[in-house]
**Student:** 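Here you go, one structure.
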Amino acid sequence: MERTVSSLRRVPLFLALALVLVVTGFFASMAKSTNPTRLPGGLALTSNAESTALYCTGLTSAKDGASGHVTFVNTTHIAHLVTIDAVSDTGGRYARQAMLGADKSISIDPSARLQGDSFGVGALVSGGGVVGVEVTKNDTGEAPCTSTGVTNWYGSGFNTTVGSSAELSIYNPTATRAVFNVVAYSGAGLATPAKFQGLSLGAHGQVELNLGTQIVNTTNVGVHVHVLRGSLVIIGVQQSGSTVSLNSGSSSPLTSALFPQVTTEQGATAQIRLSNPGPVAAQVTLGVRLTTFHIANQSVSVPAYGTALVTLTPNPAIPAAGYATVALHSSEPVIAALATGSGGAIALSAPELPEPEFLVGDFTGLGFDAAALTNTSSRTITVSFVTFPVGSTQGANGSQSVTYGATRLSGNTTSELRTDFPKMLTLRHTFIVVSASRPSLLVTLTRPTTPAGTTLLAALDGR
Amino acid sequence: MESRAPAVVAVVVTTGPGPGLEVAVASLAAQNYEELSLLVVANGETDHVSARVAAVAPSAYVRVLEENRGFAAACNEAALMVDGSAFFLFCHDDVRLEPDALQLMVEAAFRANAGIVTPKFVYYDDPMVLLHVGQTCDRFGVVHERIELGEIDHGQQDLERDVFVAPGGATLVRSDLFATLRGFDPIIPVLGEDLDLCWRAQIAGARIVVAPLAKVAHREMIAAGERPVSAIGTRGASRQDLQRRHQLLVVATGWSRRTTFSTLLWLFVMDTMEFGLSIVGRDRDRAGAILGSWRWLFRNRRRIRERRRQRHEIQVLSDDDLRRLQVGGASRLKRFFLILLRDGLDRARGILPDDAVLIDHDEVVDGVGFASAFSEEEEFDEIPESPMLELRNRPSRMLTSFRSQAALVVLVAVLWLIGSRNLVATHLPLIGRLTPLDSWWTTWRHFFASWSTNGVGTGSPGAPGYAVLAFAGTFVLGRMGILPRLALIFMIPIGAIGMSRLLRGRVSNRARVIGSVAYMALPLGLDMVSQGRTDVLMVVAGLPFIVRRVFELMDVPGFRTGPYGEPVQFGHRGWRTTYAGQRMVLVMTTAVLTALAPATLIVVALVIIGVFVSRLFEPDDRDDRSGAWRLLGSIWLNVAVLLLPLTIDVGLAGGRALGVFGLARGQWSTPSFAQLLRGTDGTFGLAWVGWLLPAAAVVGLILCRGERRRIASKAAAIATLTLMVATLDARHWMGSFAPDLDVLLALYAVMLALLIGLGVSAIENDLRQAGFGWRQLIAGVAVSVLIVAAVPFVAIFGSGRFDLPTTSVAESLSTVAPSKVGGYRVLWLADPSVLPLAGWSVAPGLAAATSTDGLPGGDTLFTTPDAGTSNVVLSAVELALQGQTVRLGQLLAPAGISTIVVMNSSAPELSGVQAVPLHKVPKVLVTALGHQDDLSLVLQTKSVEVFSNSLFHGTVSMIVPGEKAPLPVFSSSANTGPLAINATVTAGYAPASAFTLDVNGVAVPRADDPSWTPSFQLGTYSSVPTGTLVLHRLPLNGVLALFTLVLWLLMWLGFGWVHRLEWLFTGRRRPTHARHGADRE
């Protein structure tokens, strides 16, 4: 017999179905998904990798003044087979395989092995946890090797004036022929030299572009390398007098950046050099923190496709009182570089990006004048230190590392490494792995110079 | 002379020639009522009236008015002339009264204490046909007849009763009431004066009765258009204008303030809708009448205030009392939708063909219907008052006859064939599952094969899908290339037939047709055609049949009208009709579809669970909750048995077992929740019109009542459940369980179409039972939506191939094939919805598969859920994806992978030619591949990126002493060729144990190599050795496949064929007429 069902009886069902739909729709709408674009990075992750590669470029032959060597350091406790493949701009090639023991390092001076003016070095590592650095012979330039190429590269602050030279050292780390364009920004605006357009670089090839041949006698030149096909490793080499610096650049323009160790010493020069790759003028503000001094913000407008600079030292508004921390904020994405030096010579440093791990190593034996730990986030992080002595180039597996505990670093603060880790300056041939609980750590090093702080070094972040 | 009869003054108002005047006056003069005085008012027409009257009624008074002030004013004028009468009989000049009509009316007035009495009106020319027996009306002033049109007078209406309206023609009004009401309102000269007078009389508490024994024939000359309206105040106004404005006036002054507001508001809404339709239909007269009526009302606001004041003075009945005397709902709207549903929009609007098809006798006919108000022809507005016209113009019933339904089906079929014209013979792109099929024999071999080429090779049992394809190929005589075309062209229509069967018996044939066409118009099927997803199209075709069987087996109301057959022995005739037989039909249907699209098993489960959930809230009479789970278990178990090879594969797959139902798509390219609601996963249904059919389905859900509601509740529960699972699936909230989203949406589409069919049926049936309100409004919306939704459906036929691309990414890559030596594999990396062959999941949004020696072929349609040794390839890709290797080429080289194809869409987008949805792989993959030290990017477009492996050395290679790199050996077509002395031969085939290398006819022992690749160390030979790679496998897969086929054969025999074929074994033929009942004996 058919049962009579009140129409009200379907209300609970409809309510339940509607509730399910609403809840499902709400959570589905809240969970916006994006296509993941970034590869994981950092020293820790690469330690258990199947294989990694490190690429260095920027070293030149002695006649070009940026000769030097590349050092690879195994930060893990197991040996790795490293295949080093060095190439020159003239097509020369040198390959070597070596078993890099635990906590060991290996160096290569490509200018001693190859004919040519500039060199690129690639190291294929069976495993991970190996980092590399290239250091010029006069110890003024130092840059970490990177593990991947980029499709866009931005650099700023180059000088092509008399007595200076600025080159882009470009290495193709992949088996794909790369095609790229180079554009420059200066006080005269945008420059797209025909000779820098549609350039092609073969697989594992190396080339050096002299900016001075196209952007003649200009100060503060910004550069954008746009890779149309493939990916490239690029270093900007700035030679200013006897000072050679390696500018790692960045893969994208920034609206904010942090320069934790900017010298304010008497006799020193410190400038923030800016380029604007966009069509809208950028309003840039520099906030300067210097011990107990209250310093007014420094502002500058960077015209579209143009450049500008802010001199922090000497600057009557900023007292000479050691190292300042400079925070940059811009209304539009800009390219920034810190130019430091004395007596007219400058060295360029690109702003660092926060990472979870750094390797601090004294690759020159000159030690450090200062080493700053900066927490770029607003939350407190825990920073831990592991040291290990670096032995000969090759060796067996083993572990001699010593853990020196950890320290807490408050949000948006900068701390001197030797405060937390007093033995740092006494540990010769010792590397320190600095790890943070969050990827918001910057480690900034300066070499002992007079005046202080004119040579900045980059801690190795395993890029 | 003294008389006991009350005095009655008959007032005959005549205008113009008045051809019936003599007859009217004569009939009055012939009344057998003694106290009757006759007064003829000539309304502005003086020609010969006195003489004409005198000729038939010498005692009659004649009053000539100078101008035509209308019927109402003339009556009022006459009333002023008379003193002392008890009643007025207001008559038109085109009536003919029976001699006793007045007496009977007066008697009725006394008997019922009525204020107004109306006679029974019959047709002037045919007194046997009833015209009016009193009238009623709704709250909007729409007059409603109490009889059927053309109803023959058998005396069936001869019962004295109360009515709301006494239709004009011959109305007996008590004099004191007439005075109280202040007579007719002269602002209504004609067309509506009767309604107004009666309405006010009702307010005053007077009874209005019909005296059916009093018979009056009425010619209705104005309504028939035989006499123009020429009274003062009607200049330039059509009858439609007058009717509308007078109805509006009555409504505006007939209610209390609050009711007036709500009533006018509703009326405004309805008029707005009508106005919109009139504008769309270019019906200027109607649009003008609607606007004019409101404008006229505004202009006479002072008169309205006055009438409202009068109303207040005479009011006796409250609004509620008054409403109880009226009919409920909105007669005009009801009539419009009824005609719209039955006969279509044109008929509803009034531009109908002059077919003389009678309206259903159960149809409600209104005096002034909404539909008639929509007529473009002026006389159509008068249909209720002009029955002869109505009889002349009976509309056809659109889509209710078999002929019209067949015509629609043929039309849709023809349109579909036109729409698929380019799928018949032109090239099919290599997308979705449109991989060129192997020959009929080879396809069978894939099912029986001991080893297949999937990944790096596998010895897993062959997929049952190959058996289904090969079996289907039998019916096209082995022309396997026809099968994909048949699937693309006919699967959706077959699904529509299934939908029609699903709705059969539950709804009208018209609702079935609409539901089926809606199923074809829903975007999912069309999207699947455009994406070449023949597997999902099979589900689209078969799912309605499956749902119907599940509903039957679960005793969903209306789906199983009769009991199942008596238990019959398996194999005997009649077993098919038993519960077990029906369940087996369901199992076998499900198994066939599961073999092609394993997610079918999930949607069947969703149907059962949906019904179960619905019953938790709304139990059915025969509600067996545990039965649902028994049925589900039975289906799953039996399907697992019937698809034994696939079941074994799943059992061996371990963690990847759930991947059999589908691979996780990139949630950045899966449909949004809004798209899921619309049931779309492609280019169709993305525009706003995509919302129309789901909206119509929701309306259907709301409107359904009774048994339809129970079905609708279950459909809604299943749809919601499906939508929820699809959302969880799209967002990866179910882990590795990611059933094919499109198969889920196929079920959703079935439920939407089912709800649409039920909704149409509800509008046909359930709406009548409901009073006027929101249901009518949303029903109107639903009907409009269904009409509008037909437009984009027609538009899809334009391309001739339902937007199936003409080219594909895969085909454009044929030139990247490397050398013919050594054989090679191509690694395809893409979102699972883009991959043109079966593969395995690497990460959400990324699936991997390999093809051998070029493009995917007929052997790549199905793969085992267990990747087995092919995990080496997947792991290598995972490492690259995680940035943990820079030598992917080296890792892939042992598998003979020469090329890596990364696809972001299945076909290239050609501006203006073809638009293909982009389903991008994780961007990090392209980044990672770009970082590989040994991969070279050789092609990069928006749709595809191709990387060449610089370390490729052939699928079969040898390492010759002294050489650093391996050399490819053998050819792509044959695994045999010359080798080098002392070389080490490595084959990129798994499992290693299945292969041996014969050199000069002698087997070479396999090297003890931990690698997954079989390698062989050659010795020294006197001449160049010739090697042959040989596969050695026990034919266990073949035995398993044969066993499975035998199982299917047994099941088929179970449907009575054992009994039928018994004579083959016993030699005895049974009589062909034996019934299964007798067989049981």
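When reading the values below, keep in mind they use all heavy atoms of this one structure, side chains included, and skip hydrogens, waters and symmetry mates. Every chain is numbered from 1, with letters handed out A, B, ... down the list of sequences.
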**Student:** What part of B:Leu891 gets within 4.5 angstrom of chain A, counting heavy atoms only: side chain, backbone, both, or neither?
**Tutor:** side chain
**Student:** Donor-acceptor pair, A:Gln197 side chain versus A:Val182 backbone, under 3.5 Å?
**Tutor:** yes
**Student:** Indicate yes or no for a side-chain donor-acceptor contact from A:Thr75 to the backbone of A:Gly129 under 3.5 Å, with no hydrogens or angles considered.
**Tutor:** yes
**Student:** With a 4.5 angstrom heavy-atom cut-off, could you sort out which part of A:Pro173 is near chain B: side chain, backbone, both or neither?
**Tutor:** backbone
**Student:** Is chain B contacted by the side chain of A:Ala203, its backbone, both, or neither, given a heavy-atom distance below 4.5 Å?
**Tutor:** neither
**Student:** Heavy-atom cut-off 4.5 Å, strictly under: side chain, backbone, both or neither for B:Arg887 against chain A?
**Tutor:** both
**Student:** With a 4.0 Å cut-off, would you call B:Arg615 and B:Asp620 a salt bridge?
**Tutor:** yes
**Student:** Would you call the rings of A:His224 and A:Tyr154 parallel, tilted or perpendicular if under 30° counts as parallel and over 60° as perpendicular?
**Tutor:** parallel
**Student:** Take B:Leu606 and B:Leu744, measure what side-chain contact (heavy atoms from CB on, under 4.5 Å) needs, and give me the verdict at the end.
**Tutor:** CA-CA 9 Å; B:Leu606 287 175; B:Leu744 294 177; 3.7 Å; yes
**Student:** Please classify the contact of B:Ala726 with chain A as side chain, backbone, both or neither, using a heavy-atom distance under 4.5 Å.
**Tutor:** neither
**Student:** Can a donor-acceptor pair be found between the side chains of A:Ser435 and A:Glu357 at a distance below 3.5 Å?
**Tutor:** yes
**Student:** Under 4.5 Å heavy-atom distance to chain B, tell me which part of A:Tyr55 shows up: side chain, backbone, both or neither.
**Tutor:** side chain
**Student:** Go through B:Ala717, B:Gly845, B:Ser950 and name the one with the most non-hydrogen pairs under 4.5 angstrom from chain A.
**Tutor:** B:Ala717
**Student:** Which residues in residues 665-674 of chain B have a heavy atom less than 4.5 Å from any heavy atom of chain A?
**Tutor:** B:Gln667, B:Trp668, B:Phe673
**Student:** Quick one: side-chain contact (heavy atoms from CB on, under 4.5 Å) partners of B:Val872, sequence neighbours excluded?
**Tutor:** B:Trp1012
**Student:** Taking side chain as everything from C-beta outward and backbone as N, CA, C, O, which of these in B:Val921 sits under 4.5 Å from a heavy atom of chain A? Side chain, backbone, both or neither.
**Tutor:** backbone
**Student:** Given salt bridge (charged side-chain N to carboxylate O under 4.0 Å, His left out), test A:Arg93 with A:Asp85 step by step and report yes or no.
**Tutor:** CA-CA 7 Å; A:Arg93 184 172 293 274; A:Asp85 188 10; 2.7 Å; yes
**Student:** Quick check for you: among A:Ser231, A:Ala53, A:Gly25, which has the greatest number of heavy-atom pairs under 4.5 Å with chain B?
**Tutor:** A:Gly25
**Student:** What part of A:Leu19 is in contact with chain B, defined as an atom under 4.5 angstrom from a non-hydrogen atom: side chain, backbone, both or neither?
**Tutor:** neither
**Student:** Pick whichever of B:Thr885, B:Leu728, B:Thr720, B:Leu676 has the most heavy-atom pairs under 4.5 Å with chain A.
**Tutor:** B:Thr885
**Student:** Most heavy-atom pairs under 4.5 angstrom with chain B, which of A:Ala16, A:Ser51, A:Ala28, A:Gly122?
**Tutor:** A:Ser51
**Student:** Going by ring-ring contact (aromatic ring centres under 6.0 Å, His included), name the residues that satisfy it together with B:Tyr748, two or more places apart in sequence or in a different chain.
**Tutor:** none
**Student:** Using heavy-atom distances under 4.5 Å, tell me whether A:Leu21 contacts chain B through its side chain, its backbone, both, or neither.
**Tutor:** both
**Student:** With a 4.5 angstrom heavy-atom cut-off, is it the side chain or the backbone of A:Ala18 that approaches chain B, or both, or neither?
**Tutor:** neither
**Student:** Could you tell me which residues satisfy side-chain contact (heavy atoms from CB on, under 4.5 Å) with B:Asn949, sequence neighbours excluded, listed by chain and number?
**Tutor:** B:Leu892, B:Ala893, B:Leu935, B:Leu951, B:Phe952
**Student:** Using 0.5 Å steps for rounding, measure from the OG atom of A:Ser251 to the CD1 atom of A:Ile234.
**Tutor:** 10.5 Å
**Student:** Determine whether a donor-acceptor pair (N or O, by modelled atom type, separation under 3.5 Å) exists between the side chain of B:Asp934 and the backbone of B:Gln890.
**Tutor:** yes
**Student:** Do the side chains of B:Arg709 and B:Glu618 get close enough for a salt bridge, i.e. N-O under 4.0 angstrom?
**Tutor:** yes
**Student:** Report which part of A:Thr34 has an atom under 4.5 Å of a heavy atom belonging to chain B: side chain, backbone, both, or neither.
**Tutor:** backbone
**Student:** Mind ranking A:Leu124, A:Val23, A:Thr174 by heavy-atom pairs under 4.5 Å with chain B and telling me who comes out on top?
**Tutor:** A:Thr174
**Student:** Heavy-atom cut-off 4.5 Å, strictly under: side chain, backbone, both or neither for B:Asp933 against chain A?
**Tutor:** both
**Student:** Cation-pi check for B:Phe559 against B:Arg506: NZ or CZ below 6.0 Å from the six-membered ring centre and within 45 degrees of the axis, yes or no?
**Tutor:** yes
